[in-house]
Student: 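My structure is below; once you've seen it, I'll send some questions.
Only this structure's heavy atoms are used, side chains among them; waters, hydrogens and symmetry mates stay out.
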Amino acid sequence: MPRIEARHITKVFGDAPERALDLVKQGKSKDEILKESGQVVGVLDVSFTVEPGEIFVVMGLSGSGKSTLIRCINRLHEPTSGELLIDDEDVIAASVTRLRELRRNTFSMVFQHFGLFPHRTVLENVEYGLKMQGISTGERRRLAGEALELVGLSGWGDRRPGDLSGGMQQRVGLARALATDADILLMDEAFSALDPLIRRDLQDQLLQIQRDLGKTIVFITHDLNEALKLGDHTAIMRDGKVVQIGTAEEIVSEPKNNYVLEFTRDVDRGRVLSVSSIMNHPDTLQAERDTVRTAVARMAATDNDFMMLVDRDRKPVGMVLEADVVRAARAGQDSLQSLVSTDYGVVSPDDILLDVYEAAASEHCLVAVDERGRLVGVAQQVDLLASLAPPAHLATGSSGTNGASALDAAPAKAPAESGS
């Protein structure tokens with residue numbers, strides 16, 4: 001069961017949301033609705049699911065609706081229509097009392113601008129949510145101290161926020177969210193105000209915390225590289241709509257429209273794509289069964305200049321080159337044994353291309369094996385080099401696009417931050 005499930009969430013700002021919803025049903029755009037009704041559509045018919053323990057990133061330019069969307073999850077903004085389920089409970093239908101319980105115990109929020117109390121110590125800031133839960137002083141200070149240790153701020157509890165750098169203050173905000181032991185973290189542009197080096201350090205720390213604690217995280221950002229680094233899945237928004245949801249690899253290799261394509265054009269694809277995205281299904285020969293004559297016949301039916309030899313468990317024992325097989329056939333040789341070469345690199349399908357580039361350059365090919373050592377694919381340097389170029393055209397189909405057209409224009413200049 002998904003931890004979070006959004007079903008057709010729409011948020012309209014204005015005094016006549018029903019008028020805007022009527023225009024939505026007519027297929028009107030966000031700008032058309034504003035012009036005709038004076039209503040501002042912040043989020044428009046958004047659906048997605050977040051699995052337990054997943055980092056789900058929502059990414060888009062300023063004004064795309066991403067911050068409005070995350071505030072609908074905990075009802076800081078009341079959705080105009082749709083359903084928002086947390087563990088199969090509709091948060092939108094929850095009473096004020098129940099909503100307060102959810103905010104105290106189920107989800108915590110980390111804001112872009114820290115939101116710390118300047119007159120309280122770091123420890124008092126971290127324990128504030130625990131105080132609101134009615135936890136005793138001794139216990140909440142213990143939990144707050146553990147949270148500070150998780151984010152690398154042990155020993156800073158007695159200082160004031162003004163004594164800390166921006167990066168350290170954001171760690172305090174993260175520690176405050178972790179201290180309540182909420183299972184769901186909502187992080188709205190949490191690292192956007194930080195310098196690049198500090199930002200990368202906090203990204204790495206968040207991934208480590210995620211591995212240790214298994215929180216479910218919804219993370220908002222306008223930075224695609226941050227989205228691709230952190231997200232198990234990423235939703236890209238434009239004008240209140242989700243235009244594509246996918247893994248980093250799916251978004252980079254299969255952009256659904258020109259808007260997404262333009263975002264991904266400058267991404268270092270070698271840091272995103274894995275071996276599985278470039279490997280081909282291998283042609284194989286059975287060791288101790290197939291002969292030179294078999295290899296000649298099989299190679300004549302393929303365009304490959306080599307074939308893999310595997311044992312009965314489909315584990316690779318070597319490869320044979322077409323040129324060697326042809327020479328052996330002319331010489332009347334029947335056994336493949338003397339022709340076997342191991343001039344290849346062994347990799348995992350999950351390895352990132354950047355990590356296997358040296359092996360691809362120095363070996364005849366890359367041989368991908370699963371966790372049991374069984375052959376699952378092969379790739380050559382030409383496959384790797386071809387994958388590093390951005391797509392020349394859009395992928396076909398509309399899976400995961402929320403109905404976005406493949407003719408959508410590339411992103412224009414980012415609008416003002418308000419309404420995002």
Student: With the threshold set at 4.0 Å, does a side-chain nitrogen-carboxylate oxygen contact exist between Arg199 and Asp204?
Tutor: no

Student: Does this structure show an ion pair linking Arg160 with Asp163, if we count only N-O contacts that are shorter than 4.0 Å?
Tutor: no

Student: Do the charged groups of Arg104 and Glu101 touch, with an N to O distance under 4.0 Å?
Tutor: no

Student: Would you call Asp22 and Lys28 a salt bridge, taking side-chain N to carboxylate O under 4.0 Å as the test?
Tutor: no

Student: Name the one of Leu178, Ile55, Ile184 that satisfies side-chain contact (heavy atoms from CB on, under 4.5 Å) with Lys215?
Tutor: Leu178

Student: Before accepting this row, confirm whether a basic side-chain N of the pair Glu262/Arg265 lies closer than 4.0 Å to the acidic partner's carboxylate O.
Tutor: yes

Student: Are the charged groups of Asp324 and Arg327 less than 4.0 angstrom apart, N to O?
Tutor: yes

Student: Just wondering, are more than 12 heavy atoms of other shown residues or ligands nearer than 6.0 Å to CZ in Arg293?
Tutor: no

Student: Considering only NZ, NE, NH1 and NH2 on the basic side and carboxylate oxygens on the acidic side, decide whether Arg312 and Glu288 come within less than 4.0 Å.
Tutor: no

Student: Ion pair present between Asp313 and Arg372, side-chain N to carboxylate O less than 4.0 angstrom?
Tutor: no

Student: Any salt bridge linking Asp370 with Arg374? Criterion: basic side-chain nitrogen under 4.0 Å from a carboxylate oxygen.
Tutor: yes

Student: Could you tell me whether Arg7 and Glu5 have a side-chain N and a carboxylate O separated by less than 4.0 Å?
Tutor: yes

Student: For residues Phe13 and His77, establish whether the separation of their ring centroids is below 6.0 Å.
Tutor: yes

Student: Less than 4.5 Å apart, side chain to side chain, heavy atoms only: is that true for Leu186 and Phe219?
Tutor: no

